[in-house]
Amino acid sequence: MFLEVSQLGVQYANSTQAAVDGVSFSLQAGEIGVFIGPSGCGKTTLLRAVAGLEQIQAGSIRLARQVVSSPQQHLPAEARQIGMVFQDYALFPHLNVAGNVAFGLTHLNATARAQRVSEVLELVGMASAHKRFAHELSGGQQQRVALARALAPRPRLLLLDEPFSNLDVDLRERLAHEVRAILKAAGATALFVTHDQLEAFAIGDRIGVMHHGRLHQWDDAYALYHRPATRFVANFIGHGVFVPATLVHRRDGVVACTPLGELTGDDECPLPSSYAGGECDLLLRADDIVHDDNAPVKARIERKAFRGSEFLYTMQLASGETLLVHVPSHHDHAVGEWVGIRAQVDHVVTFARQA
Ligand code: ADP
């Protein structure tokens with residue numbers, strides 16, 4: 001593994017709680033990892049510890065097998081060969097684009113420096129902007145130049161802290177896809193921090209979900225959505241609700257008895273013995289539920305939100321449970337109407353019953 005973080009603990013001197021607590025993950029060379037979580041969950045602290053900007057109190061950080069951080073050892077930030085891109089582009093206003101990108105290349109002679117500047121500006125699609133100044137560029141362009149500047153010295157690892165948060169929502173997702181393509185073309189290994197799921201999905205090979213300093217899951221986007229490891233991940237990623245379920249053995253396998261009938265997934269159901277009496281809560285994603293006029297189970301539409309190609313309906317079963325349901329937008333039902341629904345789950349995901 002290229003980057004290996006093991007049981008990392010970081011606590012600020014003036015704080016009684018660890019900002020990062022027992023976090024372990026690793027990245028292979030050329031992979032992009034993303035950390036996502038609500039404000040204050042420890043994402044920035046984690047990134048700063050990897051950069052060498054924070055001392056760590058527990059665990060270790062290894063870069064290309066070398067320990068760069070442990071409670072006893074601390075390789076200074078400037079010796080780590082790590083590049084950083086922050087949310088406030090922070091281009092030098094008195095230097096033009098080429099001057100900004102050349103800033104970290106003083107070890108090269110003039111010819112090699114000019115060549116590298118052209119190369120990375122080409123890579124980020126800003127080849128024609130050599131002579132322009134930051135105030136002559138849009139936010140998205142400035143961020144591309146900041147990325148070129150960070151990539152120019154060929155850092156071993158690139159860290160990006162919410163680099164798109166000052167940009168328009170529309171631009172953000174597009175730029176996230178572009179930045180992924182640029183990082184892949186550069187063969188860069190990168191760690192990225194965001195609070196935005198679409199951005200995380202657009203950019204990451206692996207995504208870590210953090211909460212209160214702890215890493216709840218380190219996985220690809222599909223697994224986070226379909227096989228969330230904790231209730232927090234299930235709630236944080238995507239739309240879904242929990243309904244009470246009882247797991248029972250049937251002749252041909254385990255089924256989950258729910259207010260929507262008996263459910264089985266494509267893959268194995270958790271065993272009834274996982275929970276006292278098989279009683280648990282089952283995750284139902286909005287796309288696990290299908291609107292079907294012939295279904296015996298009816299639900300009442302409580303709320304609806306138009307999402308372009310579909311509606312997100314909030315529905316209530318006669319038994320009281322609330323559900324979220326994606327329905328193609330040509331099925332335009334009124335709030336208060338009762339419609340037929342059935343569950344079509346691929347993965348039975350359960351958690352301990354919560355009061
Ligand atoms: P995030 O980037 O996910 O918003 P941070 O890493 O910034 O989270 O913060 C994690 C926790 O550490 C928060 O509780 C925050 O208040 C605290 N914290 C961050 N920076 C400092 C600091 N310099 N001194 C003390 N506490 C800090």
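Counting convention: from 1, in listed order, for ligands and their atoms alike. This chain uses plain numbering: 1 for the first residue, then up along the sequence. Treat the numbers as computed from the prediction; the structure is a model and nothing was measured.
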Chemist: Should one rank A13, G42, A49, G213 by closest heavy-atom distance to atom 8 (O) of ligand 1, which comes out on top?
Modeler: G42

Chemist: Answer with yes or no whether the hydrophobic clustering places V348 together with I237; edges join I, L, V, M, F, W, Y residues whose side-chain heavy atoms lie under 4.5 Å apart.
Modeler: no

Chemist: Any protein heavy atom under 4.0 Å from atom 16 (O) of ligand 1?
Modeler: no

Chemist: P38 heavy atoms, cut-off 4.0 Å: which ligand 1 atoms fall inside?
Modeler: 3 (O)

Chemist: In a check of side chain to side chain donor-acceptor pair (under 3.5 Å) between H291 and each of H333, H326, R342, which one passes?
Modeler: H333

Chemist: Show the atoms of ligand 1 that are less than 4.0 angstrom away from any heavy atom in T45.
Modeler: 5 (P), 6 (O), 9 (O), 10 (C)

Chemist: Considering non-hydrogen atoms of the protein only, which is the closest contact for atom 2 (O) of ligand 1, and what is the distance?
Modeler: T44 OG1, 2.6 Å

Chemist: Determine, using ring centers only, whether F201 and Y225 are less than 6.0 Å apart.
Modeler: no

Chemist: Distance only, no hydrogens: is a donor on one side chain within 3.5 Å (strictly under) of an acceptor on the other, for R303 and T322?
Modeler: no

Chemist: Among F232, F35, F236, which one satisfies ring pair (Phe, Tyr, Trp, His ring centres under 6.0 Å) with H211?
Modeler: F232

Chemist: Assess whether salt bridge (Lys or Arg N to Asp or Glu O under 4.0 Å) is satisfied between D332 and K304, documenting all intermediate values.
Modeler: CA-CA 10 Å; D332 188 4; K304 64 187 215 186; 2.5 Å; yes

Chemist: Does only the side chain of N14 get under 4.0 Å from ligand 1, or the backbone, or both, or neither? Count heavy atoms.
Modeler: side chain

Chemist: To which of G37, A18, G40 does the heavy atom nearest atom 10 (C) of ligand 1 belong?
Modeler: G40

Chemist: Below 30° counts as parallel, above 60° as perpendicular, anything between as tilted: where do the rings of H94 and F92 land?
Modeler: tilted

Chemist: Measure the distance from atom 26 (N) of ligand 1 to every protein heavy atom, then report the residue, atom name and distance (to 0.1 Å) of the closest one.
Modeler: Y12 CD1, 3.3 Å

Chemist: Return yes when S15 approaches ligand 1 closer than 4.0 angstrom through a heavy atom, no otherwise.
Modeler: no

Chemist: Closer than 4.0 Å to some heavy atom of C41 - which atoms of ligand 1 meet that?
Modeler: 1 (P), 3 (O), 8 (O)

Chemist: Short N/O distance, under 3.5 Å, between A19 and ligand 1?
Modeler: no

Chemist: Would you indicate whether the side-chain heavy atoms of R156 and F2 approach each other to under 4.5 Å?
Modeler: yes

